[in-house]
Amino acid sequence: MTEHTNNSDIDEELVTDDALDPYAVASDADHVFWADAVADVIESRRLGGADNQDETAGEGNPLVIKGGVSPSGIPHLGHFNEILRGYFVAEVLRGRGHTVRQLFTSDDRDRLRAIPRQLADTDWNIVGLGDVDAGALGRNLGRSYTDVPDPFGVRDSYGEHFTQLLRESVEQLGLDVEFVSNTACYEDGSFDEYIETVLGDTEQARAVLAAYQDKVDDEYLPFFASCEECGLLTEDITEVSVDSQTVSYRCSDVEAGDDVFSGCGHEGTISIRDGKLPWRFEWPAQWALLGVDFEPFGKDHAEGSWPSGVDIATHVFGIEPPVPMVYEWFTLEGEALSSSSGNVVTVAEVLELLEPEVLYYFFAKEPLKQRDFSIERLDQLVDEFDRFEQLYFDEIEGEEQEKARANRVYPLLVDEPRKERIRIPYTFAAVLGMTDDESLREEIARREGHIPDDAPEWAINEALARVERAQTWARRTGNEFDYELKRSALPDVSLDADIEAALDELAAFIEAGRDGEEIQQKIFSTARDHDIDVSDLFSAGYQLLFDEEQGPKLGPFLAKLDKEFVVARLRRER
RNA sequence: GGGCUGGUAGCUCAGUCCGGCAGAGCGACGGACUCUUAAUCCGUCGGUCGCGUGUUCAAAUCGCGCCCAGCCCGCCA
C-alpha cells in the first residue's frame, strides 16, 4: 500500500488498491519475470471481474497495451521503455492465449516548450541548432508539435518528423505497434465526447482536479485553445459552449512550468477540435477512447499524473483506469538521457553495436531498478546476455533462480531459440575487427575455437556480423580494441639495432613463403638467436603494423597479409 | 516536504520478497597449451554484505533508527 499524497480529498479506496499501485504491480514473489506478475494483475483486473465473463481476450475484444511520449526531439533509448516494457507484457499475455493490441500515442498536440540543442534529420544525422533555422523554431514555442513546421522541411510538422523517426526505430526492432496521433484524435472528433464530458460538468472536473492542483479555482476551465492568429495554445478560456462544440478564448501569456510564452492578445472562438485538454484530463481520455488495459510510465508520472488520472478516469469519465506500472529511468554513461541537452543514444546507434536480442535483454530487466546504459562497458552487457543464452541452452551451470529466469525470458528475446547459433565473445569480436579481411576473421575465429567445424552457414554469418558491431564499438569508444592495420604509411617507430636485425631475418624468412605456424615459430626462434626478449620482438611487430604495443597472434596474421607488404614493412621500407 | 532506487570482491552486478555455509562475470595473479596473444583450459587471491540496533537457534535477507549516492514529484507534460 502506498500513500500517493496526504491530501484528504483523495479517494482512499482507489489509492490503496494494489492493482492501481504502479510500484506494486510488477513485484510478485511467485514469478521470476516481472511481466508475468503484471499479466496476472491484468487478467484478474481486466478480464476476471464479476461483470465480465470473458476468461480470454479474443480477436473481437483484445487487451490493449499503450505507451506514449511527446515527439519533443530525437527518440532515444529511454523512450523505448514506453514500448518494450509493454511488449514483454503483451507477449506474456499472448502466450496465455489472449489477443493483444499494442498502441503508442504520439502526444503531438502538446506544446513545444524548449528547443533541443540537438536534432536528428530525416536520415538520422544528428545536427546542432546551427544547422537548422533555430529562430523559426523559437518563434513557435508554445504551439503544438503538429503546428510547428518540420525544421528539415520534409514532413508536415515538427511532431510528425520526430514521430516518424520513432516509428522507424520501432520497425528496426521488428515490433508490431500501432501508432495513434493525438492531434489526429482531436481533429477527427474522437475526443469530442470526452471534451464534452469535461466541459459539460466543469464543477465536477474542478472538484476532482482541485485535490491535486491548488491552482484550480472556481473560474478554472480545463481546456487550451489554439489561437487562430498565432497558433499559441492559450489557457485563457473565456466561454464554453458545449452545445455548439466551441470555446472562446483570449490569447494571453502562458506560464508552463518555468517557461512563459507570450500571447498575441487575439480574442476568438474555435471548435473544440482545435484545442486540447490539459494533460491531467487528456491521459484518462486516451484510456477511455482506446480502452487501455495496461500502461507503463516513467517515475515522473507516478506521483502527480497517475493518482489524478485514476481519480479522473473513475469519477469524470466513469471508466476503470488501466493497470499501471512505473519504470525507473535509464542513464547513459551515468548521466540523464535528455533530448534537450543532447545526451542521447538512439536505437539505430545501439543496433550498430549489438544484436537486437541483447537490447531486448536490457529491457527485460527489473523495471524499478535504475540502470546505466554504458557504451564504454557494452562488452559487459553483451557478455551477460551470452551467458543468459547459454543458461537457457543448458550449456553452462548456474544457480537455479537464474536458470529459471533464463528459461522464462530468453524465448521472448529472440524470434526463435536456435541452439546452433554461435556467439563470438564481444571483446574477441573486437579483436577480429582490426582486420577488414572477412576470410581472415573467420579463420582466426575457427582457430580459436569459436566456430565449430560443423557450424551451419547461417550461424557463421550471424556470428561474424558481431565483428562489424564490435569494430564499430571499438572505434566509437576509442578503447583498447580500436586499432587497425596501418597499411598506407609506416608508423613512426624507433627500434634497437638488434631488434632491427631480427626483423630483417624474419622478413627474409617470410619472403621465402611460409605459413602462419612457421612464422609464429620463427618469431620465437629469431628472438632467441638474437638474444632479445620475445615480447620485444612481438611488440616491434605490433608497432610496425598497428602502431600499438599489442595485437593479434602475429604469425598467422602476417601469413594472411600480402607477402610483399609484410616483408617491406618488417624491413621498415614502407 | 513527499516518493523511488542503490550501497555485497579491484570493477559490473546476482542473491534480499520466502532468514539456513557469501556468489557470478570481468580484472589481477600463478600455471598449462612443443609458443609471454588480448584466444582456450586449470588454479589462486580477493568481501566487518553502508552504520547501529531489535527479533531469532540462525540475519546480506525481517523490524526500527541512521549515513551516503543517484533520480523523480511539489501543480509543465
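Convention: sequence-line order gives letters A, B, ...; per-chain numbering from 1.
- Not less than 6.0 angstrom separates the ring centroid of A/F388 from the ring centroid of A/Y392.
- A/S374 comes within contact range of no nucleotide atom at all, as no heavy-atom separation falls under 4.0 Å.
- Nucleic acid contact for A/H301: base, since at least one base atom lies under 4.0 Å from a heavy atom of the residue.
- Between A/I74 and A/H79, the shortest heavy-atom contact is O-CE1, 3.6 Å.
- Within the 4.0 Å cut-off from OP1 or OP2 of B/rG3, not a single side-chain nitrogen or oxygen of A/K299 is found.
- The salt bridge (charged side-chain N to carboxylate O under 4.0 Å, His left out) search around A/R117 returns none, not counting sequence neighbours.
- Without hydrogens or angle criteria, A/R371 side chain to A/T331 main chain gives no donor-acceptor distance under 3.5 Å.
- Between the CG atom of A/L277 and the C1' atom of B/rC76 there is a distance of 16 Å, rounded to whole Å.
- Counting only heavy atoms from C-beta outward, the side chains of A/F509 and A/E518 approach each other to under 4.5 Å.
- We find that OH of A/Y361 is positioned 12 Å from P of B/rC13, with the value rounded to whole Å.
- Toward the 5' end of RNA chain B, the nearer of the two residues A/E282 and A/G304, judged by each one's closest nucleotide, is A/G304.
- Ranking B/rG70, B/rC75, B/rU40 by closeness to the A/D214 side chain, first place goes to B/rC75.
- Residue-level contact check: A/F224 touches the backbone only, with heavy atoms under 4.0 Å from sugar-phosphate atoms and none from bases.
- Side-chain nitrogen and oxygen atoms of A/K369 include at least one within less than 4.0 Å of the OP1 or OP2 phosphate oxygen of B/rA14.
- Ion pairing between a basic and an acidic side chain is recognised when a charged N comes within 4.0 Å of a carboxylate O; A/D218 and A/R206 show no such pairing.
- We find that CG of A/D383 is positioned 8 Å from C1' of B/rC26, with the value rounded to whole Å.
- Using a 4.0 Å cut-off between charged side-chain N and carboxylate O, A/R387 and A/E402 make a salt bridge.
- In this structure, A/E328 and A/L554 both approach RNA chain B, and ranking their closest nucleotides by distance from the 5' end singles out A/E328.
- Going from the P atom of B/rA9 to that of B/rG47 covers 10 Å, rounded to whole Å.
- For A/Y426 (side chain) and A/R466 (main-chain N/O), no donor-acceptor pair under 3.5 Å exists by modelled atom type.
- When the C1' atom of B/rC76 is taken as reference, atom CZ of A/R109 falls 18 Å away, rounded to whole Å.
- Atom P of B/rU61 sits at a distance of 15 Å from the matching atom of B/rU55, rounded to the whole Å.
- Rounded to a whole angstrom, the distance from the P atom of B/rU16 to that of B/rA22 is 16 Å.
- Nucleotides B/rG46 and B/rG25 place their C1' atoms 15 Å apart, quoted to the nearest Å.
- Salt-bridge formation is detected for the pair A/E295/A/K66: a Lys NZ or Arg NE/NH1/NH2 atom is positioned less than 4.0 Å from an Asp or Glu carboxylate oxygen.
- Counting non-hydrogen atoms under 4.0 angstrom, A/R113 reaches a base of the nucleic acid.
- In the displayed structure, A/E395 atom CD is contacted under 6.0 Å by more than 12 heavy atoms of other residues, nucleotides or ligands.
- Closest to the A/D300 side chain, of the nucleotides B/rU37, B/rC73, B/rA24, is B/rC73.
- A centroid separation of 6.0 Å or more is found between the aromatic rings of A/F317 and A/W287.
- Listed for the A/R109 side chain is no donor-acceptor partner under 3.5 Å among the backbone atoms of A/L277.
- Between B/rA77, B/rU37, B/rG15, one nucleotide has an atom nearer to the side chain of A/F538 than all others, and that is B/rU37.
- Which of B/rA39, B/rC72, B/rA24 sits closest to the side chain of A/F428 comes down to B/rA39.
- Taking a pair as Watson-Crick or G-U with both hydrogen-bonding distances under 3.5 Å, the stems of three or more pairs touching RNA chain B are B:1-7 with B:67-73, B:10-13 with B:23-26, B:28-32 with B:40-44, B:50-54 with B:62-66.
- Among the atoms of the strands shown, base atoms are found under 4.0 Å from some heavy atom of A/Q520.
- Applying the 3.5 Å distance criterion, the base of B/rG70 shares a donor-acceptor pair with the side chain of A/Q370.
- When the P atom of B/rG25 is taken as reference, atom CD of A/Q380 falls 13 Å away, rounded to whole Å.
- Nearest to the side chain of A/E303, among B/rC4, B/rC73, B/rA14, sits B/rC73.
- One can place CH2 of A/W329 at 11 Å from P of B/rC71, the figure rounded to the nearest angstrom.
- Per the geometry, CG belonging to A/L368 stands 15 Å off P belonging to B/rG3, to the nearest Å.
- For A/K215 against B/rC75, a side-chain-to-base donor-acceptor contact under 3.5 Å is absent.
- For the P atom pair drawn from B/rC51 and B/rA38, the interatomic distance equals 38 Å after rounding to whole Å.
- Annotation: B/rG7 and B/rA60 have their C1' atoms spaced 12 Å apart (nearest Å).
- Checking B/rU40, B/rU37, B/rG15 against every side-chain atom of A/H450, the shortest atom distance belongs to B/rU40.
- Remark: P of B/rC73 and OH of A/Y327 are 12 Å apart, rounded to the nearest angstrom.
- Closest to the side chain of A/R387, out of B/rA77, B/rU12, B/rG25, is B/rG25.
- Nearest to the side-chain atoms of A/W279 among the listed nucleotides B/rU36, B/rG3, B/rA77 stands B/rA77.
- Nucleotides B/rC4 and B/rC64, compared at atom P, are 13 Å apart to the nearest Å.
- Annotation: proximity of residues 330-338 of chain A to RNA chain B (heavy atom, distance under 4.0 Å) is found for no residue.
- Panel note: side chain A/Q471, backbone A/A430; no donor-acceptor pair is recorded below 3.5 Å.
- Rounded to a whole angstrom, the distance from the C1' atom of B/rC62 to that of B/rU56 is 10 Å.
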